[in-house]
Amino acid sequence: MTNQEIAKIMREMAMLYEMNGVLFKPRAYERAAFGIESLSADISELYKNGGEKALLQISGVGKGIAFHIGTILRGKNFPEYSKLKKKIPVDISVLSSVEGVGPKMIKTLYQKLKVKNVADLERVAKAGKIRKLPHFGEKSEEKILKGIEFFKKSCGRRILGHVLPEIKNMEKMILSFAEVETAIVAGSARRKKETIGDIDILAIPKASAKPEAIMDKFMALPFVEHIFSKGKTKTMIKLKNGLDADLRVVPKDSYGAALNYFTGSKDHNVKLRELAMKKGLKLNEYGLFKGKKAVAGITEEGLYRALGLEYIEPEMRENTGEIEISKEGKLPKLIGYGDLKGDLQVQTDWTDGEDSIEMMAKAAKETGLEYIAITDHTKALAMTGGSDEKKLMKQMAAIDKINHKLKIENYKLKILKGAEVNIMKDGSLDIDNKTLALLDVVGAAVHSHFTLTREEQTKRVIRAMENPNVDIIFHLTGRVIDKRAPIELDIDEIIKTAKRTKTVLEIDAYPDRSDIKDEYIKKCVLAGVKMSIDSDAHSKVHFRFLEMGIAQARRGWACKENIINAWPLEKMLKMLK
DNA sequence: GCCGTTTTCGGCCCGACTGTTTTCAGTCG
């Protein structure tokens with residue numbers, strides 16, 4: 001069984017207990033589900049090697065839940081689950097994903113109307129049966145139907161890199177309202193998660209302005225599809241692009257507390273509130289209070305300070321140890337959004353890119369870079385017109401010429417010669433070593449045989465890393481979010497080999513890839529393995545993706561010294577093999 | 001059922017909005 005499947009059962013358990021009015025267990029199971037979902041190791045593997053004891057290291061999993069997971073993994077019945085499920089045999093996970101439908105409602109709908117799934121729900125709602133139930137009415141029924149409609153066309157979470165321009169645009173529009181003093185996007189977009197489920201926006205009204213006026217303007221924006229709820233301080237809408245957006249308006253004195261609250265993550269916030277409580281304080285979105293007196297909350301910095309913490313960057317706020325380290329004053333100084341000096345993976349019209357070497361170089365310069373490596377595909381990737389040794393030699397000569405030209409034009413940008421060579425099934429490369437040795441930057445990548453076993457894939461990539469010419473492994477796991485699963489790899493073994501062979505692991509910033517992911521970045525930082533942040537640009541407009549790569553690195557707690565292309569050119573080149 | 005700078009028992013984050021009632025439960029974040 002996969003981590004996802006186990007996590008799903010834990011989440012269902014949480015809802016089943018919730019339905020039955022059991023206290024505290026729902027939260028416990030939810031936390032266990034979250035812990036399992038964010039686990040990098042395979043839970044069944046963990047159990048096989050270390051038994052129930054090994055499961056205790058999963059956050060939110062204690063003796064009780066470890067025992068239950070053990071039972072499930074041994075293929076046996078999990079008695080409490082079967083019992084509760086028998087009482088209310090419905091598709092809880094799916095039903096609860098309908099907006100506005102929760103555990104208690106699911107229970108009532110099953111007991112009174114035998115609703116087991118979304119199709120049943122739609123049928124009874126359309127038949128007008130729901131409005132006749134006690135505590136339900138016409139409006140609840142309409143709300144459910146609307147929820148089903150959105151459920152049907154819901155596209156789930158969206159890749160942040162894809163929707164970020166729209167989000168920034170929306171932020172700008174709200175900022176332009178006459179009544180708004182300041183507005184900022186919070187939530188998972190501010191934490192720069194790979195994907196986001198909705199957009200949270202915080203606005204502060206001008207002293208003279210009424211919050212209602214801001215709400216009215218917000219709801220009148222052209223991209224609003226539907227209004228879920230509207231109040232003086234909180235409005236929830238659905239956008240035409242399918243995303244939900246919440247706007248909250250708070251007084252100026254609460255800006256820091258509100259921004260912190262709406263940025264999340266939920267777990268980070270809970271931990272902060274617990275910390276406040278232990279200090280005899282109360283934290284909510286309006287401030288940090290001692291009795292009725294606010295002691296902090298105007299700024300986020302002040303809020304953290306009052307809690308005895310260093311300021312924690314939004315990208316770190318996941319309650320994965322950042323609060324503890326912050327207490328000790330030992331937070332890493334994360335790489336900044338303006339810190340990149342180069343980009344080591346750039347494709348051009350020599351293969352599957354859209355623009356010429358010179359156009360890419362000039363666009364890179366405008367982005368603020370000092371060097372780029374041209375890394376077109378090589379011959380095994382025939383569909384891209386990949387280079388063979390001869391074409392690479394030709395391209396190297398062309399790069400010399402363009403570098404010369406840029407120098408005369410006083411463009412302070414250096415183009416490096418590189419390639420994105422293919423790692424073949426057996427770990428060999430599709431370009432000979434003699435030619436690779438002539439390149440400044442050799443990136444190697446898996447573009448085929450995605451379904452080999454974990455052992456085979458690991459061996460294959462390790463062999464590539466052992467090649468004395470391979471400087472960087474590009475997009476290590478090969479995943480494409482929502483399209484292709486990552487290849488199976490023994491990450492710890494890969495990181496060990498990277499350290500031994502001085503191979504750099506890339507953080508591919510192309511939004512669909514975002515590869516390697518944050519938890520692997522954290523492992524690299526710990527192991528002292530260097531990384532690069534590359535755009536994987538296939539067009540001159542793609543350099544904007546570097547922002548997403550930096551975000552990913554920050555979520556993995558990486559600093560400037562961990563990222564080789566944040567270094568000056570000479571120092572970076574010395575690092576390469 | 002979990003967890004620990006109130007530590008092996010006794011707590012467990014906090015508030016907005018809605019709909020159906022008329023003081024609050026359910027849902028959401």
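Source: prediction; values computed, not measured. Within every chain, numbering begins at 1; the chains are lettered A, B, ... in the order of the sequence lines, protein sequences first and strands thereafter.
In this entry the distance linking CZ of A:F262 with C1' of B:dG15 reads 9 Å, nearest Å. The separation between A:E18 atom CD and B:dG26 atom P is 9 Å, rounded to whole Å. Distance A:K278 NZ to B:dC13 P: 11 Å, rounded to the nearest Å. Nucleotide B:dT20 holds its P atom 12 Å from the CD1 atom of A:I130, rounded to whole Å. In this structure, the CD atom of A:E52 is 11 Å from the P atom of B:dC2, given to the nearest Å. Atoms NZ (A:K25) and P (B:dG11) sit 19 Å apart, rounded to a whole Å.
Among residues two or more places apart in sequence or in another chain, the ring-ring contact (aromatic ring centres under 6.0 Å, His included) test is passed with A:H162 by none. For A:E519, the salt bridge (charged side-chain N to carboxylate O under 4.0 Å, His left out) partners are A:K517, not counting sequence neighbours. Not counting sequence neighbours, A:K132 has no partner by the salt bridge (charged side-chain N to carboxylate O under 4.0 Å, His left out) test. For A:Y311, the ring-ring contact (aromatic ring centres under 6.0 Å, His included) partners two or more places apart in sequence, or in a different chain, are A:Y304. Residues that satisfy the ring-ring contact (aromatic ring centres under 6.0 Å, His included) test with A:Y17, not counting sequence neighbours, are A:Y29. Residues passing the salt bridge (charged side-chain N to carboxylate O under 4.0 Å, His left out) test with A:K234, sequence neighbours excluded: none. Qualifying salt bridge (charged side-chain N to carboxylate O under 4.0 Å, His left out) partners for A:K271, counting only residues two or more places apart in sequence or in other chains: A:E324.
A:L272 comes within 4.0 angstrom of nothing in the nucleic acid, heavy atoms only. Within the nucleic acid shown, A:P103 comes within 4.0 Å of sugar-phosphate atoms alone, with no base atom in reach, counting heavy atoms only. Among the protein residues, A:Y29 comes within range of the sugar-phosphate backbone only, with heavy atoms under 4.0 Å from sugar or phosphate atoms but none that close to a base.
Closest non-hydrogen pair, A:L133 versus A:L109, comes out as CD1-CD2, 4.1 Å.
For the segment residues 62-72 of chain A, the set of residues with a heavy atom within less than 4.0 Å of an atom of DNA chain B comprises A:G62, A:K63, A:G64, A:I65, A:H68, in numerical order. Listed in residue order, the members of residues 75-97 of chain A having a heavy atom less than 4.0 Å from DNA chain B come to none. Contacts between residues 284-291 of chain A and DNA chain B, defined by a heavy-atom separation under 4.0 Å, are made by A:N284, A:E285, A:Y286.
Listed pair A:K234 / B:dA16 fails the phosphate criterion, with no side-chain N or O lying under 4.0 Å from OP1 or OP2. Under 4.0 angstrom from either OP1 or OP2 of B:dT20 there lies no side-chain N or O belonging to A:K143. Listed pair A:R27 / B:dC13 meets the phosphate criterion, a side-chain N or O lying under 4.0 Å from OP1 or OP2.
Set against B:dG19, B:dG29, B:dA16, the side chain of A:R248 has B:dA16 as its closest nucleotide. Which of B:dC17, B:dG19, B:dT27 sits closest to the side chain of A:T233 comes down to B:dC17. For A:F24, whose side chain is taken as the heavy atoms from C-beta onward, the closest listed nucleotide among B:dG1, B:dC14, B:dG29 is B:dG1. The side chain of A:S229 approaches B:dC17 more closely than any other nucleotide in the set B:dC17, B:dT20, B:dG15. Comparing B:dG29, B:dC14, B:dC12 by their closest approach to the side chain of A:E274 singles out B:dC12.
Taking the side chain as every heavy atom from C-beta outward, A:L275 and A:L309 approach each other to under 4.5 Å.
For residues 67-80 of chain A, there are no salt bridge (Lys or Arg N to Asp or Glu O under 4.0 Å) pairs, not counting sequence neighbours. Contacts classified as salt bridge (Lys or Arg N to Asp or Glu O under 4.0 Å) and involving residues 21-31 of chain A (residues at least two apart or in different chains) are not found.
On the C1' atoms, B:dC13 is 23 Å away from B:dT23, given to the nearest whole Å.
For the 3.5 Å distance criterion, the side chains of A:H268 and A:E322 qualify, holding a donor opposite an acceptor.
Note on A:E122 versus A:K126: salt bridge recorded, some NZ/NE/NH1/NH2 to OD/OE distance being below 4.0 Å.
Of the two residues near DNA chain B, A:M236 and A:H135, the one whose nearest nucleotide lies more 5' is A:H135. Residue order along DNA chain B, read from the 5' end via each residue's closest nucleotide, puts A:V61 first among A:K104 and A:V61.
Applying the Watson-Crick and G-U wobble criteria (two distances, each under 3.5 Å), B:dT8 pairs with nothing in any strand.
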